Amino acid sequence: MFYDKNYALAKPERKRVALSGFKGYDETKVSRNLPCDYVDCVYNFKFKNGRLVNPYGISALEFDGEVIPPIPDGLGKCKLFLTTSEKDGKLKSRLVLSHEGGLEYLTAGEKEWNHIDAQGAFDVGVNYLYKDADLLLLSGESGLKALSGDKLIDIKNDMRILDMCAHYERIYAVVEGVRNSLWFSDDFDPFNWNVSLDEGGYIEFDGSLGGVNAVRSFDNYLYVFCDFGIYRLTAYADQTQFNMKKVYASGGRIFANSITECGEYVAFAGEDGIYLFDGYGVSRYSVKTNDLLQGGFKDVSACYAHHKYILSFTNDADCDYGIFSRQRDNNVVMMFDLTDKSVDFMRGVSLFDLNTVGAYGEGKIIGLSADCSSPVQLDDSGLYLGMPYQKYWQSGEIDFDRPATLKVVRGVEYSADSQYVFGIVAGGERREFIISPTENRQSIYVKSDKFIFYIRSDGVNENIRPPILEVDFLK
C-alpha cells in the first residue's frame, strides 16, 4: 500500500512597511532598508509634512499685476541686470538686457522696451549712486561703461572686468588678464581709475589661493574670493589703512558665480559642498548634494530670498530616468532652506540670471528662461510656464537588510489626491502600476532579492502620502 506524502511548506513572513517618510534629499542617508526617508534622486517634488507636494512654479514676470512685455525678437543670448530708475517721483525697478547689439531696458509700469546701441555684450554689472544719480556700471567686450538714464557713458575702454562690487564708495574689480590683483577706483568717483595714492590703484596677491575670481562687500569688510580660498580686506577711504588677511583655504574649487550674500552669511558652492561664511570662518552647510555638484557644474547663477539660497546651473550628468530626454540650459535649480537645512530640486527647466526684486531677502525671484519670451519669476503655482512638471522620486536599491532572502511585494496601500505611477525595478525589469485617488490599495506581485521603488507623476495637485508595502519574506 502506498500513501501520499504531505509536505508542510513554510509560511512566508509577511510585513507591512512604509515606503518612505518623505523627509528629503540627502546623498549621505540613502538606505538599503525601508522606510527610505532620504533619497538621492528626486526632482520637481517638494517635501512637506511627510508628503510629496507640488514644486515651485515658473511663470512670466509680473510687476504690479501686469505681465512684462515680451523681449524684442532677434536679440540672441541675453544677460539680465537689475537696477532702479526714478519715474513719477518714485524709485522703480528697471530691467536691463545686454546682448551683442546693445541694451534693452524697461522700467516697472512701462509697456515697451527701450534700446541703446552698444558694441558687444556686457557680462557683469553693479549699481552705484553717483551725485544723486543711479548708475548701472557695466563691463564686457568694449570695456567699462555706465548706464545713466537713457545714456551709456564710456569709463575705461581698455579694461574688461570679470567681477566687481561697491564698498565704501569705491568700486573694486577683478580685471581680465591680471588675476593676481584687485583693482579699485577713486573713492566717490567710479569714473576715475588712475593709479595714485590719493585716487585709484590695485592690490596684488601672492597666488597661494589661486586666481582672484570674485569680490563682495559684507559686514563692513571686503572679501576677495579666489579659486581655493578667501581674503578679508579692511578697505576704507585712505589707501594707507588697507589691511589684508587670509581667512579661509579650501580643499576644492569655489564656484565664483555661486557667491551670494544671504542675511548674516555669504553662501557659496564648491566642489565638495555648500558653505556658509560669516566673515571670519566657513562652515559646511550641506554635503547632501556633492555628487550632483561634482557631476558637472556650469552656467552658475544664484540669489537669496525668503531664507533660501537658490542655485541654478547646468548639470551634464546622465539623469534621464526616462523622463528628461533633452539636455537643457540651466536644467537644475536647487533651493537650500537656511532655516531647516532642507533642499528642493527642479530639473528639466530653463532658468538663469537669477536676481531678487524688492526688499532684501524677501523679494521676488526673477530670471530669464529659454522657454519664455519675457523675463520670468518663481511662484507657488507648481507649474512650469502654465504646464505641469514631470515629477520623480526614487529610492535607493532596497534589500530590506536581508540581501540573501527572496521577497515578494504583494501590494501597496496608499492615499493621494491625484493619480500617479508607482514603479518597481527588480531583476532588471521595470513594472509600473497606476495609483488611482478613488481607491486605496493596488495588488502587486513582484519577486526579487532587491528592489528600486519610484513614483512618477505629471499631475497638477500633488499630495502624496507615504505608501505602505505588503511584503512576503520567503524562507
Side-chain angles (χ1 to χ4, degrees), residues 18-27 29-30 35-59 262 267 274 285-286 288-289 292 302-313 315 319 321 323-324 328 330-351 354 356 362 364-367 369 376-396 414-422 435 437 453-467:
L19 174 65
S20 173
F22 293 141
K23 292 185 178 180
Y25 181 105
D26 193 335
E27 296 166 355
K29 294 182 179 179
V30 178
C36 188
D37 290 339
Y38 295 92
V39 297
D40 61 357
C41 176
V42 56
Y43 300 111
N44 301 336
F45 277 120
K46 279 201 303 184
F47 297 93
K48 184 177 181 181
N49 300 327
R51 302 180 181 188
L52 295 177
V53 299
N54 282 339
Y56 292 92
I58 296 177
S59 60
C262 300
I274 303 295
Y285 166 78
S286 173
K288 297 178 179 180
T289 59
L292 193 58
C303 72
Y304 171 70
H306 309 290
H307 306 290
K308 290 180 172 59
Y309 170 55
I310 302 166
L311 195 65
S312 170
F313 61 93
N315 181 272
C319 247
Y321 303 114
I323 60 174
F324 302 116
R328 304 300 307 277
N330 292 78
N331 59 10
V332 176
V333 180
M334 297 194 297
M335 302 181 187
F336 295 90
D337 192 309
L338 301 187
T339 303
D340 63 13
K341 292 195 173 183
S342 64
V343 56
D344 292 315
F345 282 83
M346 297 162 67
R347 190 172 177 88
V349 303
S350 172
L351 181 64
L354 296 177
T356 305
E362 300 177 358
K364 182 180 294 187
I365 302 160
I366 70 170
S369 171
V376 296
Q377 64 188 20
L378 258 65
D379 58 27
D380 294 319
S381 68
L383 301 174
Y384 180 57
L385 302 174
M387 299 294 292
Y389 294 93
Q390 282 274 14
K391 295 174 280 291
Y392 193 83
W393 176 98
Q394 180 179 294
S395 75
Y414 57 87
S415 176
D417 292 353
S418 59
Q419 178 176 292
Y420 66 89
V421 172
F422 180 77
I435 300 301
F453 301 97
Y454 63 90
I455 290 172
R456 178 167 56 83
S457 174
D458 59 1
V460 175
N461 184 27
E462 304 293 0
N463 191 15
I464 298 174
R465 276 75 100 187

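Remember, predicted model here, so these are calculated numbers, not experimental data. Numbering of residues begins at 1 and proceeds along the displayed sequence. Scope of the values below: all heavy atoms of this structure, side chains included, with no hydrogens, waters or symmetry mates.
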**OP:** Please name the pair of heavy atoms, one in N44 and one in M346, separated by the smallest distance, quoted to 0.1 Å.
**Re:** OD1-CA, 3.0 Å
Original post:
Rounded to the nearest 0.5 Å, what separation is found between the OG atom of S59 and the CG atom of D379?
Top reply: 3.5 Å
Original post:
Got Q419 and D458 here, is their nearest side-chain heavy-atom distance under 4.5 Å?
Top reply: no
**OP:** Kindly give the heavy-atom pair with the smallest separation between L311 and I274, and that separation in Å.
**Re:** CD2-CD1, 4.3 Å
Original post:
Counting only heavy atoms not in N49, do more than 12 fall under 6.0 Å of its CG?
Top reply: no
Subject >> For F336, all residues meeting ring-ring contact (aromatic ring centres under 6.0 Å, His included), sequence neighbours excluded >> reply: Y285
Original post:
Do I310 and T356 come within less than 4.5 Å of each other through their side chains, counting heavy atoms only?
Top reply: no
Original post:
Is any side-chain heavy atom of Y56 closer than 4.5 Å to a side-chain heavy atom of I365?
Top reply: no
Original post:
Hey, is the main chain of D337 close enough, under 3.5 Å, to the side chain of S342 for a donor-acceptor pair?
Top reply: no
Original post:
Taking all atoms of both residues into account, what is the closest heavy-atom pair of Y389 and G57, and its distance?
Top reply: OH-CA, 3.6 Å
Subject >> Flag side-chain contact, heavy atom, 4.5 Å: I464 against F45 >> reply: yes
Original post:
How far apart are the C-alpha atoms of Y414 and I455, what are their side-chain angles, what is the distance that settles it, and do they pass the side chain to side chain contact (heavy atoms under 4.5 Å, CB included) test?
Top reply: CA-CA 12 Å; Y414 57 87; I455 290 172; over 6 Å; no
Original post:
Y25 and F345: aromatic ring centres closer than 6.0 Å?
Top reply: yes
Original post:
Is it true that D340 and K308 make a salt bridge, defined as a side-chain N closer than 4.0 Å to a carboxylate O?
Top reply: no
Original post:
Going by heavy atoms in the side chains, are M335 and L378 under 4.5 Å from each other?
Top reply: yes
Original post:
Strictly by modelled atom types, are Q390 and Y392 linked by a side-chain donor-acceptor pair under 3.5 Å?
Top reply: no
Subject >> For F47, ring-ring contact (aromatic ring centres under 6.0 Å, His included) partners two or more places apart >> reply: none
**OP:** Verify side chain to side chain contact (heavy atoms under 4.5 Å, CB included) between V39 and S20, making sure each step is shown before the conclusion.
**Re:** CA-CA 9 Å; V39 297; S20 173; 5.7 Å; no
Original post:
Does K23 have any salt bridge (Lys or Arg N to Asp or Glu O under 4.0 Å) partners at least two apart in sequence or in another chain, and if so, which?
Top reply: D37
Original post:
K391 and G459: which non-hydrogen atoms are nearest, and at how many Å?
Top reply: NZ-O, 2.8 Å
**OP:** Please examine the side chains of S312 and V333, heavy atoms only from C-beta on, and report whether any two atoms are closer than 4.5 Å.
**Re:** yes
**OP:** Could you tell me which non-hydrogen atom of W393 sits nearest to which non-hydrogen atom of C36, and how far apart they are?
**Re:** CZ2-O, 3.7 Å
